[in-house]
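This report concerns only the one structure given below.
Note that the coordinates shown come from a computational prediction; the quantities given were computed from them, not determined experimentally. Each chain gets a letter, A, B and so on, in the order the sequences are listed, and its residues count up from 1.
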Amino acid sequence: MAQKPSIPKGTRDFNPEQVTKRNYIFNTIQNQFEKFGFQPIETPSFENSETLMGKYGDEGDRLIFKILNSGDYLSKVNDGIYNEKDSNKLTSFISEKALRYDLTVPFARYVVQNQNDIEFPFKRYQMQPVWRADRPQKGRFREFYQCDADVVGSTSLWQEVELVQLYDAVFTTLCLKDTTIKINNRKILSGIAEVIGASDKLIDFTVALDKLDKIGEEKVKLEMLDKGISQAGIDKLQPLFTLSGDFGSQVSQLKDILSNSEEGKKGIEELEFIDAAISELGLETAQLQLDVTLARGLNYYTGAIFEVSAPAGVKMGSIGGGGRYDDLTGIFGMPNMSGVGISFGLDRIYLVLEELGLFPETVSKTLDVLFINFGDSEALYSLKAIKSLRENGINAELYPENAKMKKQMQHANKRNIPYVVLVGEQEMSKSTYTLKNMLKGEQSEVSLTELISQFK
RNA sequence: GUGGUUGUAGCUCAGUUGGUUAGAGCGCCUGAUUGUGGUUCAGGAGGUCGUCGGUUCGAGACCGAUCUUCCACCCCA
């Protein structure tokens with residue numbers, strides 16, 4: 001019985017045009033990564049569960065795809081655990097591997113395992129798919145690509161500065177103007193939490209603050225109260241909700257709030273350093289913006305936090321994010337290894353470029369010229385020319401069948417092939433080629449050298 | 001994980017309070033046109049109405065389950 005085929009929720013097939021466009025983005029990002037001195041690595045699609053579990057918080061653990069053990073995995077589970085029917089508990093007994101959830105944690109694992117062979121500071125980039133057991137939405141998939149660039153082994157803030165430039169360079173090259181690079185610092189968030197006496201509730205506090213532009217001031221305050229933050233503490237936050245003005249004036253308002261917090265002051269210093277450098281160096285098309293409410297859920301960030309949003313008017317979640325993590329490799333037994341990195345969301349960038357019509361027209365063209373097939377002797381004659389064209393870097397192809405001219409022309413049309421060459425007895429006897437421009441409908445009879453020069 | 005939404009031809013969609021043989025536009029195929037595609041004209045092929053079950057004399061339409069789509073949460077690229 002033939003069943004209707006389907007693919008799993010949140011996954012997609014990519015047709016030739018889509019792959020070509022995706023490669024265009026990949027290549028652009030890769031070029032810039034390499035220009036900035038990053039080197040490529042790849043890691044496996046799945047890791048041992050213990051490598052991933054517990055690194056992304058409880059929510060993260062829920063969204064990790066677990067891989068069932070091979071063989072008769074249930075027989076090894078003891079009856080007590082089995083009868084409890086507690087999925088979370090049972091999982092560790094029947095699943096020892098999981099699909100990677102991001103590229104940063106596998107990278108940390110890689111650094112620890114290869115620490116003796118790595119020359120630090122190590123700048124690596126990685127462009128591979130990741131998987132999340134999320135409910136799909138616009139710009140949210142269960143399989144998607146991340147393009148990460150990270151530096152480990154340097155605490156220098158110049159790395160942060162360069163990463164901001166890298167964001168700007170990539171989006172500028174993609175002609176995606178007016179992106180906003182939002183920046184914050186985890187130390188500022190901890191500082192604020194300290195000042196309001198909620199250091200132990202840092203996560204709850206930042207998660208609530210992060211929602212400010214979405215649900216508004218009142219609801220954020222309610223959520224904080226709900227999470228056990230005192231009213232007195234929330235009152236101290238008041239200036240935060242009305243923070244305004246440019247980078248400098250926001251910073252000076254923050255200084256007032258954080259005057260009693262050493263950590264907070266450190267965070268402000270870092271921010272000022274990055275802002276001063278970027279102001280001096282300038283950005284092409286992006287804009288660096290301080291956003292105190294920027295939290296980002298990942299619990300390993302310790303310093304700067306980045307998030308990039310698409311130009312205003314495009315309804316899309318962040319198209320990139322990153323930050324500094326002082327101790328990512330600590331959990332794998334390698335302390336004091338500071339890293340900072342950024343990530344590009346390929347699939348979302350694709351959607352944004354598509355929505356704004358920013359893919360260059362030339363991206364979708366794959367073949368330069370198609371030779372019409374009039375028979376075997378003509379085909380052989382054509383293939384000689386095609387060989388020369390290919391040697392000159394021109395994409396050329398012979399229609400494989402001696403089909404009706406109409407069919408062959410239509411084929412060229414549908415594939416958006418800009419030129420067609422007709423070779424029949426007339427041309428063969430004169431050693432020429434009839435070149436037809438499919439867009440304008442004009443055609444001319446040319447020699448082989450003229451033919452080649454047409455495409456140069 | 002929570003709440004909502006969607007599914008009819010390859011695509012975009014009609015389809016009345018349940019009632020003969022489920023339609024349109026576009027696309028596709030063939031011909032007008034044996035060395036010329038797009039335009040035009042003529043003809044043609046595509047659907048067990050997402051799937052399974054139920055109500056009914058009768059279901060594309062009503063009910064349930066399930067899958068899928070999209071959206072809002074949660075969280076995030």
Worksheet item: Strictly by modelled atom types, are A/Thr11 and A/Glu143 linked by a side-chain donor-acceptor pair under 3.5 Å?
Response: no
Discussion item. On the side chain of A/Arg132, is there an atom forming a donor-acceptor pair with the base of B/rC75 - under 3.5 Å, no angle test?
Written reply: no
Item to complete: May I ask you to verify if any side-chain N or O of A/Lys9 is less than 4.0 angstrom from the OP1 or OP2 atom of B/rU68?
Response: yes
Worksheet item: OP1 or OP2 of B/rG31 less than 4.0 angstrom from a side-chain nitrogen or oxygen of A/Lys404, does that happen here?
Response: yes
Practice prompt. Give a yes-or-no answer on whether the side chains of A/Gln289 and A/Thr180 include a donor-acceptor pair shorter than 3.5 Å.
Written response: no
Worksheet item: Does A/Lys406 have a side-chain nitrogen or oxygen under 4.0 Å from the phosphate oxygens OP1 or OP2 of B/rG35?
Response: no
Discussion item. So, under a plain 3.5 Å distance rule, would you say the side chain of A/Glu427 forms a donor-acceptor pair with the base of B/rG35?
Written reply: yes
Practice prompt. Ignoring hydrogens and angles, tell me if any N or O in the side chain of A/Asn69 forms a donor-acceptor pair with the backbone of A/Ile94 under 3.5 Å.
Written response: yes
Discussion item. Does B/rC76 have its OP1 or OP2 closer than 4.0 Å to a side-chain nitrogen or oxygen of A/Lys138?
Written reply: no
Discussion item. Under a plain distance cut-off of 3.5 Å, with no hydrogens placed, do A/Gln128 and A/Gln126 share a side-chain donor-acceptor pair?
Written reply: yes
Discussion item. Please confirm whether the shortest side-chain N or O distance from A/Lys436 to OP1 or OP2 of B/rG35 is below 4.0 Å.
Written reply: no
Fill in: Base of B/rA77 and ring of A/Phe344 stacked, centres under 5.5 Å, planes under 30°
no
Discussion item. From C-beta outward on A/Glu59, which listed nucleotide comes closest to its side chain: B/rC74, B/rA77, B/rG38?
Written reply: B/rC74
Worksheet item: Do A/Arg135 and B/rC70 have a side chain to base donor-acceptor pair shorter than 3.5 Å?
Response: no
Worksheet item: Does B/rG46 fall in syn (glycosidic angle within 90° of 0) or anti?
Response: syn
Worksheet entry | Phosphate contact (B/rA72 OP1 or OP2) by A/Gln137 side-chain N/O below 4.0 Å | yes
Fill in: Candidate nucleotides B/rU36, B/rC74, B/rC75, ranked by approach to the side chain of A/Leu63 - the nearest
B/rC75
Worksheet entry | Any donor-acceptor N/O pair under 3.5 Å between B/rU36 base and A/Gln443 side chain | yes
